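Every number for a ligand or one of its atoms is a count from 1 in the order of the listing. From a predicted model like this one, the values you see are computed outputs, not experimental measurements.
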Amino acid sequence: MPTRKKIAAANWKMHKDPLQAQTFFKDWQKLLGGDQLGAEVVIFPPAYCLETIAVSSRDLGFKFGPQNIHTADEGAFTGEVSPLAVVKMGASYALIGHSERRTLFSETNELIAKKNVAALRNRLTPMFCVGESLSERESKKTNAILKEQLVAGISEIKSVLGAESQLRLVIAYEPVWAIGTGKVATPDMAEEAHIFIRQCLGELLNKSQADSISILYGGSVKPDNAFELAKMANIDGFLVCGASLDPQSFFKIAKALNSVSI
Ligand code: PGA
């Protein structure tokens, strides 16, 4: 079995300004106290905090990236985020296809696929989000939806990904009904979806590549449910909003990943 990276990712959405981000990292530094976490920590701040985050990341050794990118590297695209510019700032990840981008900003599978390409072209690791809505789950369409999203997002990047065994790609499974609702998927429910996602990745790529891709769970992850979820064999980390805004609770979530064998 290949070793998969454990990842604790924070999606701050439109929360925190640069000063609040600085305060977060002062507290984070105290919590770390010179220790290293076993999991890689990735922060997705609002775009106007990227500069602050870049400075803290150099001292504290975490990774960061934007919550969204444009498909082009530069041009007349008012209000958009250039993947090339964020790489120059030190970003190494890009969050792609979050359900809020899909539903509130009308991002289609086709557009999201192009964003995955733009990320890889710039050597950013896409943290590619997939997940079903409540009605899709209730009508037993979860697997069909996950497959559709994965096929669209991965087919486009297959040639860009290359044949390396350790691919530059992370998947975040976020059931839409669990995001910000306090309704977390049970560990078995999440594990079942992760196994299905890995199976699809095996069909789209190859088995050893699929086995090496970290699949994160997201949706109401909290310090008190992180440990049970982290114990599942196919849950390689978390993508967290609500509980990542407080350094103490995000630290506990990252620690939950430490205590399971890596
Ligand atoms: P939540 O959000 O942790 O607040 O449920 C997760 C996300 O939207 O990525």
Side-chain angles (χ1 to χ4, degrees), residues 6-16 20-21 24 28 39-47 49-50 53 62-69 81 91 93-107 112 115-116 119 124-134 136-137 142 145-146 149-150 153 169-187 189-190 193-194 197 214-230 232 235-257:
K6 297 279 174 185
I7 300 172
N11 170 16
W12 283 354
K13 302 190 180 176
M14 208 169 71
H15 297 290
K16 295 197 191 294
Q20 290 168 324
F24 179 98
W28 186 255
E40 177 164 283
V41 172
V42 185
I43 310 283
F44 294 104
C49 291
L50 282 166
I53 298 282
F62 61 86
K63 310 274 187 206
F64 69 93
Q67 297 169 7
N68 174 39
I69 53 168
V81 176
Y93 281 87
L95 195 61
I96 311 275
H98 187 278
S99 71
E100 284 149 22
R101 299 294 317 170
R102 290 175 187 267
T103 55
L104 304 176
F105 301 97
S106 311
E107 291 197 6
I112 290 163
K115 293 190 174 192
N116 278 336
L124 285 166
T125 300
M127 191 172 286
F128 170 36
C129 304
V130 294
E132 80 288 0
S133 67
L134 183 60
E136 288 161 347
R137 175 160 281 268
T142 299
I145 294 295
L146 293 178
Q149 294 173 342
L150 288 164
L169 175 67
V170 172
I171 306 288
Y173 168 60
E174 296 207 304
V176 180
W177 48 269
I179 295 177
T181 58
K183 283 187 206 156
V184 65
T186 64
M189 222 186 238
H194 284 219
I197 289 169
S214 299
I215 306 179
L216 316 188
Y217 169 78
S220 297
V221 177
K222 306 277 180 244
D224 59 1
N225 57 30
F227 186 67
E228 289 308 309
L229 287 160
M232 306 312 280
I235 297 184
D236 306 309
F238 300 118
L239 177 57
V240 193
C241 175
S244 75
L245 300 173
D246 170 58
Q248 291 227 11
S249 66
F250 187 52
F251 189 75
K252 284 184 191 153
I253 290 169
K255 274 275 197 196
L257 292 164

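Listed for the S214 side chain is no donor-acceptor partner under 3.5 Å among the backbone atoms of D236. Side-chain N or O atoms of Q149 include one that pairs as donor or acceptor with a backbone N or O of G131 at under 3.5 Å. S133 contributes no side-chain N or O that, together with a main-chain N or O of V176, makes up a donor-acceptor pair within less than 3.5 Å. A donor-acceptor distance shorter than 3.5 angstrom exists from the side chain of Y217 to the backbone of G219, with no hydrogens or angles considered. Between the side chain of E107 and the main chain of G97, no donor-acceptor pair closer than 3.5 Å is present.
Environment of NZ in K63: sparse, with no more than 12 heavy atoms of neighbouring residues, nucleotides or ligands closer than 6.0 Å.
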Please tabulate, one line per pair, the protein N or O atoms found under 3.5 Å from any N or O atom of ligand 1, giving the distance to one decimal.
from: ligand 1; atom 1: 3 (O); to: C241; atom 2: N; distance (Å): 2.9
from: ligand 1; atom 1: 4 (O); to: G242; atom 2: N; distance (Å): 2.9
from: ligand 1; atom 1: 5 (O); to: G180; atom 2: N; distance (Å): 2.7
from: ligand 1; atom 1: 5 (O); to: S220; atom 2: N; distance (Å): 2.7
from: ligand 1; atom 1: 8 (O); to: K13; atom 2: NZ; distance (Å): 2.7
from: ligand 1; atom 1: 8 (O); to: H98; atom 2: NE2; distance (Å): 2.8
from: ligand 1; atom 1: 9 (O); to: H98; atom 2: NE2; distance (Å): 3.3
from: ligand 1; atom 1: 9 (O); to: E174; atom 2: OE1; distance (Å): 3.2
from: ligand 1; atom 1: 9 (O); to: E174; atom 2: OE2; distance (Å): 2.7

